[in-house]
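We count ligands from 1, going down the list as the structure has it; atoms in each ligand are counted the same way.
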Amino acid sequence: MTKIAIPNDYPVELAAPDISVYAPGNCGVPYIWQFDSGVAGPNVMVSAIVHGNEPCGAIALDWLLREDVRPIRGKLTLGFMNIAAYEAFDPADPNATRWLDEDMNRVWGLDVLEGERDSVELRRAREVRPVLDEVDMLLDIHSMQHLAPPLMMSGQHPKGQELAARVGVPEKVVADTGHAAGRRMRDYGAFDDPASPKAALLIECGQHWEAASGHLAKMATARFLVALGVVAPELKDRFGDDVPAQQFFRVREAVTIESEVFTFARPFTGGEIIAKAGTLLGHDGDREVRTPVDDVMLVMPSKRLWKGQTAVRLATRDGA
Ligand SMILES: [Zn+2]
């Protein structure tokens, strides 16, 4: 797979917590912790570090575990995912350890999970899969390359948007279908089946290493668990209720790179709303990439501008 060699423009404010104490797990899978209230209710999971260089999720899980937060209803499942990449994290080269062999958030198609391919990330995905199969509601915590407004990625079905509305943060919720390069954990199995009540969210808490992303990871986790009735409301009260009304968007298209050389027309960071249809966004080889309609929001322009990858996704306003 392609090695990640990307210069870093941002200070590393967050310290990645030492999670080695969590290695044993308590349900038969390393780094997975599960607590059963003994009372009927959903199995609710919060997952972190699917990408090894995104410490905010580990900060949120470390916080829950240190505080001995336990469910009052249903089951609480906490999962540290890409351990190998997380352990390789180096603040001096923080972009290098998003993954080791391949992107762990592109391996969740059944064809890949059950296929012949092998990688550090696939081995871990296959190890965690039986746990994930039992989960009813998932919050998968991520962060972004650029300093940009946080986003809740709700998947393509209304159940994801409804769950995002119950969590209530962050301000921007984006309905989307994922990436051509492979299926995300958020879209695994029943989570992406409109006929199933199971649902999943992927939160992008802000820039990977900004202090605010650690705070939002904890706040969103607390609100998610309280909204589902799995933990007592006090967990959320610590963060206050003063949050802006949410705005809902939907990805209209993903710009998937078709050439060997993709360049953006401007240094976009994401969250920009481009007023006019036909505005030049970049060049994919000789092909001009322009906004298809008015009022397009740019979703997470990438620095990994390689053939087959998503360069940026284009969203417009959507009903809640
Ligand atoms: Zn991520």
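Of all N, O or S atoms in His142, the one lying closest to the Zn ion (ligand 1) is ND1. For His51, the N/O/S atom at the shortest distance from the Zn ion (ligand 1) is named ND1.
Salt-bridge formation is detected for the pair Glu54/Arg98: a Lys NZ or Arg NE/NH1/NH2 atom is positioned less than 4.0 Å from an Asp or Glu carboxylate oxygen.
The aromatic rings of His142 and His51 lie perpendicular to each other, with more than 60° between the two planes, well past the 30° mark.
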One pair to check against side-chain hydrogen bond (donor to acceptor under 3.5 Å, both in side chains): Glu121 and Asn82. What are the steps and the verdict? CA-CA 7 Å; Glu121 280 76 16; Asn82 194 343; 3.1 Å; yes
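Inclusion of Glu204 in the first shell of the Zn ion (ligand 1) is not supported: no N, O or S atom falls under 2.8 Å.
Ring centroid separation for the pair His215 and Phe239 comes in under the 6.0 Å cut-off.
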